[in-house]
Amino acid sequence: MGGKLAIATGLVTGVVAGAILVGAVVVLAPGPVVPTASPVPSDLVASASPTLAGSPSTPASPLVSPSPSPVASPSAAGQTGFGVGRAAPPLSVPQIGGGEITLSGLKGKPVWVNFMASWCPPCRDELPLMNGFAARYQDQGLVILAIDVREDQTIVDAFAKEMGIVFPVGLDADGTAQSDWGAYALPVHFWIDEQGIVRDGALGGIGPDLMAKGLQTILPGATVTP
C-alpha cells in the first residue's frame with residue numbers, strides 16, 4: 001500500500017512540474033515579429049504627392065491660353081470706340097436717285113451717318129424713328145445719311161421707297177466705306193459735329209432714347225428729346 005501511494009504522489013508531482021514548465025515557456029517566449037516599414041525620405045514624399053488643380057499654392061492654368069485681341073486700324077472707327085473725338089473717315093458714295101454723297105461736302109453741318117442694309121430687321125425698325133428726327137431737327141441743319149452696304153442699287157431703291165426714307169441714301173456697293181469706318185456690324189450709327197469730328201456712336205438696333213443722346217452731342221444749341 002505504501003508503495004502505491006509513493007508512485008501516485010510522484011505522478012502528481014511530475015504533472016504539476018510539467019504544467020509549471022509549459023507556463024514559463026509561454027510567458028517567456030518572444031511575441032510575433034511585426035514588420036515595420038522603413039521611413040520614406042521627406043523629399044520623395046513631396047515629389048510624389050499629387051497637386052490639386054486650383055489649390056492656393058499652385059493655381060491651375062487655363063485650358064486655352066488667351067490670344068491677344070486684333071488691333072484695329074486707325075481708320076476703323078467702329079472698332080475703336082466709334083472713333084469718338086477723332087475726325088470722321090472719308091465718305092464718298094453714289095446716292096440713290098442720282099448724285100453723290102460726300103461727307104466733306106457737308107462740313108459745317110451736324111451729320112448722322114447710319115450704315116444699314118435692307119435684309120437687316122433692326123435697320124427696318126430704326127428707319128421710321130430716324131425719319132421723325134430728320135423732320136424735327138432739320139431747322140437746326142441736321143443731315144441724316146443712310147449708307148446701304150453691299151446691295152444692288154435696284155434692291156436699295158425699292159427698299160428706300162418701301163420704308164419712306166426722307167433723307168439721302170447712299171450705296172456702298174463694294175463695302176469700301178464699311179471697311180473705312182469699321183462698320184462691320186449692322187446697323188451702326190455715327191454722330192459727327194460741324195467740324196467733322198465724331199462725337200458719339202452706337203451699335204443698332206437702338207431706340208429713340210439713344211438716338212436723342214447721340215444727336216444731343218452734335219446739336220448743342222437744341223434740346224433733343226426722344
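Here the structure is a predicted model, which is why all the values come from computation and not from measurement.
- Here the shortest heavy-atom pairing between Ala177 and Val93 reads CB-CG1, 4.2 Å.
- Residue Ile206 is grouped with residue Leu129 when hydrophobic side chains (ILVMFWY) are merged at heavy-atom distances under 4.5 angstrom, including chains of intermediate members.
- When the side chains of ILVMFWY residues are joined at heavy-atom separations under 4.5 Å, either directly or via intervening members, Val188 and Phe159 end up in two distinct hydrophobic clusters.
- When all heavy atoms of Lys107 and Gly196 are compared, the closest pair comes out as CE-N, 4.0 Å.
- Among all heavy-atom pairs drawn from Pro90 and Trp181, the shortest one is O-NE1, 3.1 Å.
- Taking CG from Leu91 and CD1 from Ile192, the interatomic distance works out to 8.0 Å, rounded to the nearest 0.5 Å.
- The shortest side-chain heavy-atom distance between Asn114 and Leu127 falls under the 4.5 Å cut-off.
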Is there a side chain to side chain contact (heavy atoms under 4.5 Å, CB included) between Trp191 and Val198? Walk through the geometry before answering. CA-CA 6 Å; Trp191 288 275; Val198 179; over 6 Å; no
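- No path of Ile, Leu, Val, Met, Phe, Trp and Tyr side chains, each step under 4.5 Å between heavy atoms, connects Met130 with Phe82, placing them in separate hydrophobic clusters.
- To the nearest 0.5 angstrom, Met211 atom CE is 13.5 Å from Thr225 atom OG1.
- No side-chain donor from either of Arg124 and Ser118 sits under 3.5 Å from a side-chain acceptor of the other.
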Check against side chain to side chain contact (heavy atoms under 4.5 Å, CB included), Met116 and Leu186: CA-CA 5 Å; Met116 56 83 179; Leu186 300 179; 5.8 Å; no
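- Of the candidates Lys213, His189, Gln216, Lys213 is the only one forming a side-chain contact (heavy atoms from CB on, under 4.5 Å) with Asp200.
- Of all non-hydrogen atoms in Cys120 and Pro187, the two that sit nearest each other are SG-CD, 3.5 Å.
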Derivation of the side chain to side chain contact (heavy atoms under 4.5 Å, CB included) call for Ile147 and Val113: CA-CA 7 Å; Ile147 310 300; Val113 177; 4.1 Å; yes
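- Of all heavy-atom pairs between Ile165 and Val169, the closest is CG2-CG2, 3.8 Å.
- Atom CD of Glu162 sits about 12.0 Å away from atom CD1 of Ile155, to the nearest 0.5 Å.
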I'd like to know whether Ile101 forms a side chain to side chain contact (heavy atoms under 4.5 Å, CB included) with Leu145, so could you lay out the CA-CA distance, the side-chain angles of the two residues, the decisive distance to 0.1 Å, and finally the verdict. CA-CA 8 Å; Ile101 294 173; Leu145 303 174; 3.7 Å; yes
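- The side chain to side chain contact (heavy atoms under 4.5 Å, CB included) test applied to Arg199 returns Asp193, Ile197, Thr217, Ile218, not counting sequence neighbours.
- The shortest distance between side-chain heavy atoms of Leu142 and Ile144 falls below 4.5 Å.
- Put simply, the side chain of Gln178 never gets that close to the backbone of Phe115: no donor and acceptor are under 3.5 Å apart.
- Cluster membership for Phe133 and Leu210, using ILVMFWY side-chain heavy atoms within less than 4.5 angstrom, is shared.
- Looking only at distances, no side-chain donor or acceptor of Glu151 sits under 3.5 Å from a matching main-chain atom of Val156.
- Here Ser104 pairs with nothing under the side chain to side chain donor-acceptor pair (under 3.5 Å) rule; sequence neighbours left out.
- For Arg150 (side chain) and Asp174 (main-chain N/O), a donor-acceptor pair under 3.5 Å exists by modelled atom type.
- Residues Asn131 and Gly164 share a closest heavy-atom pair of ND2-O, 3.0 Å.
- Checked against side chain to side chain contact (heavy atoms under 4.5 Å, CB included), Glu194 has the following partners two or more places apart in sequence or in another chain: Pro110.
- More than 12 heavy atoms of other residues, nucleotides or ligands lie within 6.0 Å of CD in Gln95, so this atom counts as buried by the packing criterion.
- In the hydrophobic cluster analysis, where Ile, Leu, Val, Met, Phe, Trp and Tyr join through side-chain heavy atoms closer than 4.5 angstrom, Val166 is grouped together with Trp112.
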